Amino acid sequence: MPFDLLSEPIRKYVRDKRWDQFRPIQVAAIKRIMTTDCNYILASRTASGKTEAAFLPILSKVNFNEEGVQVLYISPLIALINDQFLRVEELCRYLEISVTKWHSEANKSAKNKLLKAPNGIVLITPESIEAMLVNRAHEAKHLFSNLKYVVIDEIHSFIGTDRGIHLKSLLFRLQSINRSKFCIVGLSATIGDFNEAKVFTGEAENTTVLIDKTAKEINVVFKYFKESGAELSLELMKDLYRETFDNKTLIFPNSRGRAEEVAVKLKKISERIGGHPYYFSHHSSVDKEVREYVEDFAKNNRRNNFTIACTSTLELGIDIGSVDKVVQIDAAHSIASLIQRVGRSGRQGNKQSNLYLYATNNWSLLQSLAAWLLYTEGFIEPPAVMDKPYDILAHQILSVVRERSEIRLSDLVYVVKSDFAFQAISETEITEIINYLFETGMLEKLGREIIIGIEGEKIVNNRDFYSVFTAEQNFKVINEGSTIGELPFSPLIREDENIFLAARIWKIKLVDEKARKIFVVKALDGKRPMFYGGAGDVHPRIRTKMLEILKVDTQYDFLDAKGLDEINELRKDFSTFTIGDILYDRPIVEKIVRSKKEDEDLFVSEFCSFTGTKINRTIGLFLYIADVEYEVADYNSMFTISASIENLRDIFESITSDVDNTISRLLEDKPAILDFSKWGKLLPPKYQTILVRDKYYDIENTVEFLRNIQLVEPSTLD
DNA sequence: GACCTGCTGCGGGCTG
């Protein structure tokens, strides 16, 4: 019995909570964690008791009388730490274990208290671990050299990302200052590739994934509104209002600007007809305090209905309670993301989640439908795995040198070589990168020791050093002394322009460019703000599924009539292409255009690749190498290429995988191509090229795709 | 048309 395995104080906690039974993931975790010293990944949907599944057995098992912090909980978000702190602290009161928050906004005297007598549990972010290792290595050792368990929350948000590689390296570095081996427990929503989750602990063979696959039943409704303008039509907004006014709803419109538009427009409709005023927006550009107010409102009020228009800020595990409906406007970029969003709905006792998928154009409708069907087939995108993360390696080399103050070359190479985050990178490569860091003044030799160089000091001593991702430079938006949020500079940011922010309308009174501040007053009408930055890549499987939907004639009963008509219309357009092999048969149409300048006929091919964003980008690279002009739109995966079909066949057949020269030329012409990597600029040119090749492009899969592709022309029946 | 995440140490001013 799992209950009997737990320690007495924890059993008392369970009794006091009046839990009549454990959730499946808790049963599995208690049994395993209590009886073994293995690493575990607990995979189970949102709100299924994962935190308790990890902490009940860990708190039962670990002897907290020992000196030093015993359990380290790592979270991707400060907000999540603050949330979990309350839960974990309540649990720990039964054992008189202290719990300390350690992040930039955490109470400083609590941190100092911990430094005096390290013990108990610490909740921390990866960046705070990095900062501690860099600035106060001795304190890091003082606190964290006797860890028994490391719990990583929302581990799926790290897997397959730069931040994840960074965290892996930090885990390795924590392990190397520990007296004995600590165990890792990762908490995760259902993820696409459990193998990658196991590898994440650095000990795949000693890591077991415990999965609870029971999913909530999802009630899905598709709604189609053909939109032509830049703004959402009144018709759509009215329908959205009718669906949401008497519910607790989250709306995901895929962008910050559109989230503002939706929140403001719904609020206006509600005002006009005397509905409730609880319409909010929640995204990275809304001020933190305003966001906390919104989260708090959603969590703590039972009586009032509300609607929050948001971005992925409300996708992760911050506790906002549960909502009745989740609305997705146009296709989410991934299935994983869609499922996380749906997981926010379905209240306790009610087994169903409600998902409304609005589409505003035919391709978005098709993509949404494809994502939904793939989900019902059990497919979730696997994470993008980066074998040789040279940029994070360079960052960590600087960090390790700073941590040690001085270190011999052989020791440095040894440390980095042993780091499981960089397993696939060879010793020769590491040495080459270190040598380049000498050349550029990042590192310096002092006798036989290596220290941080003059150029390196500038980087390492900057606050920006602790993270591996970049942040946009914004203007603060201020009304009557209080900050509402932030906006990037755009043509709209001018005095007397009216803009939406935090679900309200503002008139800009003054722009202080030097202080990067925008002063605003309340207004009655305005425009949604402009933001820059891209969304995530779409996985090839989604695009293949889109083609498959066009090929069959299934009449989906969860689509509304307009949506079904639109799908059938698209099917008609594509019915002229005979697609046999879904993976490689791709539609193409050749047109002849009269060139204006040179007065001759030119061939233009319209080619639908039906593949992922990254492969489309790489096809673009190959066309660039072949010196062919083209345009590409990723949303419908369509290329317009200045070449005949015959010509294109030749190009696709003669594709080679040797593109390094082109990429290094590209890097010289347009260094901004490396902007996706914050620390890539530390690398020798050769490694920058490889980074762009492997991370920005997908050479291997594109070569395979193009070698196998069969270009299908329309049948000539008409 | 296009997401998100985090952050030291120190000094100055203010409050209790």
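Note that the coordinates shown come from a computational prediction; the quantities given were computed from them, not determined experimentally. Every chain is numbered from 1 and lettered A, B, ... according to where its sequence line falls, protein lines coming before strand lines.
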Q: Would you indicate, yes or no, if B:dC3 has its OP1 or OP2 atom less than 4.0 angstrom from a side-chain nitrogen or oxygen of A:Ser284?
A: no

Q. Quick one: which of A:Leu80, A:Leu86, A:Asn82 gives a side chain to side chain contact (heavy atoms under 4.5 Å, CB included) with A:Gln84?
A. A:Leu80

Q | Phosphate OP1/OP2 of B:dA2 contacted by A:Arg256 side-chain N/O (<4.0 Å) | A | no

Q. How close or far is atom C1' of B:dA2 from atom CD of A:Glu260, stated in whole angstroms?
A. 16 Å

Q: Answer with base, sugar-phosphate or nothing: what part of the nucleic acid does A:Thr161 contact at a heavy-atom distance below 4.0 Å?
A: nothing

Q: Anything under 30° is parallel, anything over 60° is perpendicular, the rest tilted; go ahead and classify A:Phe639 against A:Tyr630.
A: tilted

Q) Over how many whole Å does the gap from A:Phe158 atom CZ to B:dC4 atom P extend? A) 17 Å

Q.
Just the rounded figure in Å: distance from C1' of B:dC7 to CD of A:Glu105.
A. 10 Å

Q.
Rounded to whole Å, please give me the gap between CH2 in A:Trp679 and P in B:dC7.
A. 15 Å

Q.
Within the 3.5 Å criterion, strictly below it, is a donor on A:Ser169 or A:Asp419 matched to an acceptor on the partner's side chain?
A. yes

(Q) Using whole Å, what does the distance between atom C1' of nucleotide B:dT8 and atom CD1 of A:Ile129 come to? (A) 16 Å

**Q.** N/O (side chain, A:Ser467) to phosphate O (OP1/OP2, B:dG6) under 4.0 Å
**A.** no

Q: Return the nearest nucleotide to the side chain of A:Arg258; candidates are B:dC7, B:dA2, B:dC4.
A: B:dA2

Q: Name the nucleic acid region contacted by A:Asp464, choosing base, sugar-phosphate or nothing; use a 4.0 angstrom heavy-atom cut-off, strictly under.
A: base

Q. Mapping A:Pro253 and A:Pro76 to their closest nucleotides on DNA chain B, which lands nearer the 5' end?
A. A:Pro253

Q. Pick the nucleotide of DNA chain B nearest each of A:Glu127 and A:Arg136; which residue has the one closer to the 5' end?
A. A:Glu127

Q. What's the shortest heavy-atom distance between A:Ser188 and A:Ile41, and which atoms?
A. CB-CG2, 4.4 Å

Q: Would you indicate which nucleotide in B:dG6, B:dC3, B:dG1 comes nearest to any side-chain atom of A:Ala471?
A: B:dG6

Q) Any side-chain N or O of A:Ser157 under 4.0 Å from OP1/OP2 of B:dC4? A) no

Q: Tell me whether A:Tyr466 is stacked on the nucleobase of B:dT8, counting only the six-membered base ring and applying the 5.5 Å and 30° thresholds.
A: no

Q) What's the CG-C1' distance between A:Asn135 and B:dG6, to the nearest Å? A) 14 Å

Q: Apply the test side-chain hydrogen bond (donor to acceptor under 3.5 Å, both in side chains) to residues A:Asp330 and A:Asn254: give CA-CA distance (whole Å), side-chain angles for both, the deciding distance (0.1 Å), then the verdict.
A: CA-CA 7 Å; A:Asp330 286 328; A:Asn254 289 348; 5.9 Å; no

Q) Rounded to the Å, how far apart are A:Ile78 CD1 and B:dT8 C1'? A) 13 Å

Q. Between A:Thr125 and B:dC7, is there a side-chain N or O to OP1/OP2 distance below 4.0 Å?
A. yes

(Q) Using whole Å, what does the distance between atom C1' of nucleotide B:dC7 and atom CD of A:Gln473 come to? (A) 14 Å

Q. Any idea which of B:dG6, B:dA2, B:dC4 is nearest the A:Arg528 side chain?
A. B:dA2

Q) Which part of the nucleic acid, if any, lies within reach of A:Arg402 when heavy atoms closer than 4.0 Å are counted: base, sugar-phosphate only, or nothing? A) nothing

**Q.** Ring center gap for A:Phe306 and A:Phe280 short of 6.0 angstrom
**A.** no

